[in-house]
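What you see below is based on every heavy atom in this structure, not just the backbone, and it leaves out hydrogens, waters and symmetry mates. Residue numbering restarts at 1 for every chain, and letters A, B, ... go by the order of the sequence lines.
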Amino acid sequence: MSVYFGLAIALLAGAPQEDKDRTSWTISAEWVYTAAGDAIEGGLVTVSDGKIRSVSSGDGGQLQCFAVTPGLVDLSVRIDRGWNAVEQSREVTPEMRVVQALDWFDEGWMREARSGVTTAMVNVSDRNVVGGMSVVVKTAGASPQARTVKADSVLYGAIGSAPSSSNHPAYGRPDDFYSRRPTTRMGVEWEWRKAFYDAALAQRDKSKQVAGTTELQKVLAGEFPLMIQAWTTQDIRTAVFLKEELEREGLGAPRLIVDAAAEAWREPDLLVRTKTPVVLPPFAPQGRTGEGSFFALETAAQLDAKGLLVALSGHGARQVSQRLAYQPGYAMRGGMTFDAALKTVTINPARMVGVDRRVGSLESGKDADLVLWSGKPFELSSAVIGVLVDGRLILDPRQANK
Amino acid sequence: MNVFTASTRAAAIAIGALLLSANAAADGKLAIKAGKVVQGPGMPEIDKGVILIENGRIAAIGADVKVPWDATVIDAPKLVAFPGFVEAHSARGMDRPNENIDPAAFLSVRDSIDPVNFYFEDSLRWGITTINIQQGNNCVIAGQGMVVRPMGITIDEMTVKTVSGVKLSATPKAGMSAATQAQALRKAFGDLQRYLEQLVQEKKDGNDRARREALFQGRDLEGENAKGRAMEGSAWKVAGLELIPRGEIDEKQVPLLALVEGKLPAFFYCGRPMDVHRALEVARDNGFLARTTLVISPACYKAADVIAEAGVPVVLEGPVVFTETDPLTGAETEIFVPGELKKKNVRFALSSANTTTESLWFQAAQCVGRGMTKTDAVASVTTIPAEILGLGKQVGSLEVGKAGNVLLFSGEPLSVTSWVEKVVIEGKEAYDRSKDVRVKHLMAGKAPANTQAMGGSASAEKKVVCCEGEDPAEHAKHLEAEAKKKDKGEGEDK
Amino acid sequence: MLTWILGLGGVVAAVPVQASDDHGAQASFAVRAQHLRLFGNEVVHDGVLVVENGKVRYAGDAKRAGEIGHDVIEHDGWLSAGLVACRSYSGTRGDTLEGKRPLTAEARIADVVALDHVDFERALAAGITTMVIAPSAANVVSGATAVVKTHGASFVSREAHLALSFSDSALRFNRYPTSYMAALGELENALARPSGVWKRVADGKLPVLLDAGSRDEIQRAVRFAKDHKLQGALSRAPWAGELADDVKQSGLAVIAGPFDVGTAERSLASVVALAKAGVPLAFGVDAPWNSEEGLRLSAAMCMRAGLDGRTAWESLTSTAAAVAGAGTRVGKLVSGYDADFVLWSGDPLDLTSRVVAVYVDGQRAFGGAE
Amino acid sequence: MLAIISLMTLGLHSGSTSMFHSASEDQATARSVLVRSEKLYVTPKRVIEGGALLIQDGVIVQIGRGLEAPEGARVIEGRVVCPGFIDAWSSFALEENAFEDDRVGRATRASDALDSYVDPRFEQQILGAGVTAYRVQPSAGARAGGLGAVVRLHPGKRADQSTLLADCCLAGGIGLARDGRAVDVFDRVGEIDRWIGALSDGQAYLEEQNEYRHELEEWQKKIAEKDKELDEAFKKAKKDREKAQTEAKDKGTEFKEKEYKEDKKPKAPRFDEDKAELARVASGELPLVLEVHRALEIRSLLEGTKRFTRLRLAIAGGTDALECAEELKARRIPVIVWPQPTVGGRPEEARVKGMGLAAALESAGVEVILGSGAAAGIGSRDLPLLAALAVGHGMQSEAALAAITTRPARMFDVSDKVGSLEVGRQADVVVFSGEPFAATTQVRFVISGGDLVVEGR
């Protein structure tokens, strides 16, 4: 397909006015990859009022392209994780809701939407041990309420050197609240264990109820997952041991998800044993990623082969070839099949945080989040030329073909 | 860099001589049988083709080439042969890419290239067979670069072309602003002109005085024949330079003089569109515009028509898709820069940044993704950089008479799942993925025994302290300042 | 329960008026001018203003003024109500922030303002007769604002608004709260079980001043005001115009500016959009860090960007007075209002007009003797 | 809302660079433009009621009443027509950290630091207020001022194409806080001595050049005569030499040539680009603009520069200039005034700012020029409002108009090109819907370099 692109894949700004609010379309493509069954050759997707009506074979859609995939889902989009989005006065702040600090006007949303990510989860930054409640949002839409898919989706925290990096012993200035625990990985782990034990205690002794206890209790009851960022192998091990200890002690059965699990390839059996879903960071060219960890290229393929639920993430990369739309390509470079790679950015993340009834695959009744490609998806030599979020056209493929 | 050795070498400037490495096996014959042979951009693909390489050059290529009995054979029915990639401009492979003295055209990268540098091994891994090493962009007038092949233990084994051109920059050097950079460039060429004029004037005065002395002493003056050469150069000339033997000219000025006389190519770095005008103006005013190649950042796409008007080729440094922020609304648009250059028909070559996701072949694939034809995309990483380096007849495609630089891909060359299995440079096997320990480590993560993992030890636990010994509260304030700097932008008025 | 003392009663001692004012003693007089700008676009040619013990008895056409019992000052230029600046730090000598604690709801800037400070003379020279003095916006809750007259050392109100901040300037990295979430949580808790000053805010008796910078901060402030049915005004909010409909629904006013040389066109267009959406507008001066002349300069810049003259004049006088909570006393030349007025050499909307004289509560506070 | 539509096809932000191609065809016919008005300000003093002016190919060819429009000309009506305003001190389109590195010298040119790819919408905003040209000068934070330039604003042309004069003055600052740290009093006085020293170096360099030229001529004359003498005496000298050689051979002594002596050629002085610029300043060819605020420094600067009779000095900023008004008036040193931000951080030190200073200096007889101050990028857009504020402080409106048109043009030697609507000047014209400084007045048309760049309703 050597259609020559105009100077830039024009934003919808160029499209006629009424197209902006239109939420009913028919889209045809040589390949429709539904991520919920096998691909359809020469497929047609009809969308009305922001929902997918039908996915069938056929052609002659108003919008045409080479391939259509479901809108991509990124569970670690890391947009706008500035200083003001984490409450540093305490290390354990489960009651904080990141949705209250969200900048809905940040240009990062448009950047993600333009490159195919339609649903994203925003987590509190890793400067706190237990950051707070995350929120799953659409990357485009009319108002904050319309864009919120699931508030309080997971309780997010971090194990590793990041949470302790700005703390220090008293240094003779005890009033500065950075002179506090934890200053090492052991301290971070101790904070986690203490938080859960206090929460369990508070169930019996109401006087021990403090801010954030209810959220921890809900995690113990398994109401929503617990997502822990753990780059290196010892952190992943600590997270899994924490879950197993809580189960062993009878405090509860938290549903653990490990975020940015770069070194999951070292001890995969831990994760398989506890069926812990894993969100992998973006692939780094020389392998070196956060907190000194090493992220092997075959990790995604290996974990998927062992039956684990694997998702990829883009970490809000600014450079186009590092964004989520290219990550499945690098996973395939590590040996993953196309179908498995497609699931890691669509239905798998959706299933992990329980939004797979609305997003993650092309099935009638689901939200009309679609990505239109100029060639085989995730290939370097194909690009995202069209995006629909809730049936609304964010990126117009017709502009591109002019 | 040792100034003494550099200056003697700078005097013997072999312009453009292609030195085939001395130790290429004189009688080496190699035949490569591949499932498919892609000869070059826009050239026919041969199924089950054979490439015969003798003495480092391609002797024959085609489906029915007879393989001589004494040729070693690489039989790869499932692989795809492809011409080696050419890197038109790179400042890596050296310990320190930049100088701190301004006009340093007399220096050469020859003295600072480190043959065992990790960059050359990485280049082989990503299929780059010819590299033009130039000094870094942080300069006013830097030293002379050279073209090397990423193979060989000594500089001489690596040399493909001893001088590839002088490096200049129109973008301010660190600690300078646009005005002082322009002033420094003007001063460098102004000093050259004043120095030559003074040299000629002193010679003339000397001759006059000798003539008068002879008259006074009553002897006949023997004819003073001019031992030097008149100054060529299209922009400005110093009359009477033939009076000066070229050997007497200060060796620090000789390369600059060669530049002005159009004998030396130039690589001019432009980091911003306004710098393109400065670079073209300096090149035009000093007569080396015809031999200038601009090394541009993606932002310079705005000056594409000015570049086209000047008719100079460019090397595009940085990602092929440039994200531009509107100064008034803050909205971002993504500009496909090679597309812009193509529209204004500017001849351009791509260049790989240090990470592999931006390697030449990844960038070429992204160009195809954004609508560029496969021919143009492949040409921008093979034949066009070869022509820019004046090696159009030696490298860039698989044709009879050209160097035997062949890559063997595991699949479709521009596909994300393909790997470079083998690299042959001038008929000698330079790389084989099956023996590449570091790729095994990158793939599986397990570092084989006694090999240093890529980029530092895996298990070293680095405590994130960005300023040694700094009290964390200061450190936190320092992070706060940085966070403020990348402020959301909505808050400000101005 | 703190008894809220009405402005006039609260004056402690009548500060001695500058000697140059020979009209101080005489309680009532009249001024006749070529043009009288009463309010909005109401301009009367050859009008007269009659003042009786500090109040306006009559302002309007000279013919219908009937017999004026007092001597008349002739002025061959314009006469208008005194200007009202809706946010300033004049007279506080920079002491506007309680650094130790982020939440100081009970604090009052009125306890800090030195009413005879030189800042107020500069305000008079720029034609300003009434100012809202605000505490710094660098705390989540920084206390109550005050409304003062720029002459006569009198408070119009010692507790005019409660100043809250939704902007990141109220957050620090080394003291609580460091995040929007915690700051918002504090405000929610305060209004969940309101007491003291919060009770008056919850009952709608005390308006609020919401400081907000970027658009997401404005969005949060507007939603907070709507949820808790608060009255008052947004402060700064440079791009509030791009959320004009939300701001309009919330009923909040906007205190814009001060705009200075080189202010981005986007901020000026935002003020014009707010005016078009019908949001009440006023201007702040942030003196003494910015010049008091910034009030008229901001209005002139907005007019150049498209703001109509009527809205511009109201945002300097009547609307500003309403936002300051003194809408029934100042901002208009209507019988019964305070006699705060200014004599100009030309139309006060033109920057080319010079301030000839300024009268506050019927006493001449600035300007040469006619 | 003033809809600013530019006649040039501006591919606003579509990234296409069509905006920089030369004038398109439809614009060719508009090269002749007739502007009719009720009040034509040729210069602030010379006003023609009902006047009109005819522009041909970017130059004003005719002014007067009742002109006929040549066929094909574009006719524009307006109530008041003025020359394009000139901002005497602006840092628009300058690279943001221009001149803040420590290699800046006096010969560094501000025109080299002009970013010709500044967003054309900023130029539209400034032109929309009637400002058509500005003197570019790095901001106060700059180490040294270097050579300022006068640049015309034209969205279709690049900054380097629309430079009216590349070196219009030499500039510098005295007693300015350098990256946040205030300069103490001894350094400030030291800075003045350095400037006085530099000026005398410039003068010395000038004299050295003249002296060398003079000596060289004399030497060449002498050598030419000597040449003639030697020529004539050559035959005799040749005979003597041969005689001497034969004698030496006979006596067996070794023959020695006669020793030749002549006086040495004078050596050319070393080229120094900074001193060359200072020489032009000392000789009055280039004006010198120094930003200085405190009375002590202004007085000692005036004292130190007394002996440079041909020096054209101008004070910029001049917060305390009122105290030396008589001497400024006597030596006809203009003061460039702009609304100084509050001097001194603490509120107590806040001095009356705004345009009161302009009015006071004008009434004291000092020639006042208005600038928007180099701080903000598009500060030039607010120059007309600052002029109005100056009138609001008692300055005559005619003087305020002159302070942003004819005076800056004369000060920076571009009065032959812009600053007034005389015949022969380049066509920078602004058409207003009323008196220039009234709040209700809108800019209806702006012509920059003969092209209609702003068309209001």
Margin query: Please find the pair of heavy atoms, one from A:Tyr178 and one from C:Phe173, that lie closest to each other, and give the distance.
Written below: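 Residues A:Tyr178 and C:Phe173, closest heavy atoms: OH-O, 2.8 Å.
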
Checklist line | Nearest non-hydrogen partners of A:Ala85 and C:Ser179, listed with the distance | finding: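 In terms of heavy atoms, the two residues are closest at C-CB, 4.4 Å.
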
Quick check for you: to the nearest 0.5 Å, what is the distance between [X] atom [atom1] and [Y] atom [atom2]?
X        : Y        : atom1 : atom2 : result
A:Asp103 : C:Asp168 : CG    : CG    : 10.5 Å
A:Asp106 : C:Arg215 : CG    : CZ    : 10.0 Å
A:Ser143 : C:Asp246 : OG    : CG    : 9.5 Å
A:Asn84  : C:Thr178 : CG    : OG1   : 7.5 Å
A:Trp104 : C:Arg220 : CH2   : CZ    : 10.5 Å
C:Ile218 : A:Phe105 : CD1   : CZ    : 8.0 Å

Checklist line | C:Gln219, part contacting chain A, at a heavy-atom distance under 4.5 Å | finding: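 Side chain only.
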
With a 6.0 Å cut-off (strictly less than), is the heavy-atom count around [atom1] of [X], excluding the residue itself, greater than 12?
X        : atom1 : result
C:Lys229 : NZ    : no
A:Arg22  : CZ    : yes
C:Lys226 : NZ    : yes

Can you give the donor-acceptor pairs under 3.5 Å from side chains of residues 186-194 of chain C to other protein atoms, not counting sequence neighbours?
{"residue": "C:Glu186", "atom": "OE2", "partner": "C:Tyr176", "partner atom": "OH", "Å": "2.6"}
{"residue": "C:Glu188", "atom": "OE1", "partner": "C:His228", "partner atom": "NE2", "Å": "2.9"}
{"residue": "C:Asn189", "atom": "ND2", "partner": "C:Gly185", "partner atom": "O", "Å": "3.4"}

Check: Who in residues 86-94 of chain A is close to chain C, using a strict under-4.5 Å heavy-atom cut-off?
Finding: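 Those residues of residues 86-94 of chain A which have a heavy atom under 4.5 Å from chain C are A:Val86, A:Glu87, A:Gln88, A:Ser89.
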
Next item on the list: Determine which residues belonging to residues 207-220 of chain A lie within contact range of chain C, meaning some heavy atom pair is under 4.5 Å apart, and list them by number or answer 'none'.
Entry: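 Result: none.
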
Next item on the list: Run the numbers on C:Tyr180 and A:Val98 for side chain to side chain contact (heavy atoms under 4.5 Å, CB included), then give the verdict.
Entry: CA-CA 9 Å; C:Tyr180 290 117; A:Val98 79; over 6 Å; no

Check: For A:Asp259, which residues count as a side chain to side chain donor-acceptor pair (under 3.5 Å) partner, sequence neighbours excluded?
Finding: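 With neighbours one apart ignored, the set is A:Ser76, A:Arg78, A:Tyr156.
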
Checklist line | Option from A:Met96, A:Met133, A:Arg97 for which side chain to side chain contact (heavy atoms under 4.5 Å, CB included) with C:Met181 holds | finding: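 One option only clears the test, and that one is A:Met96.
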
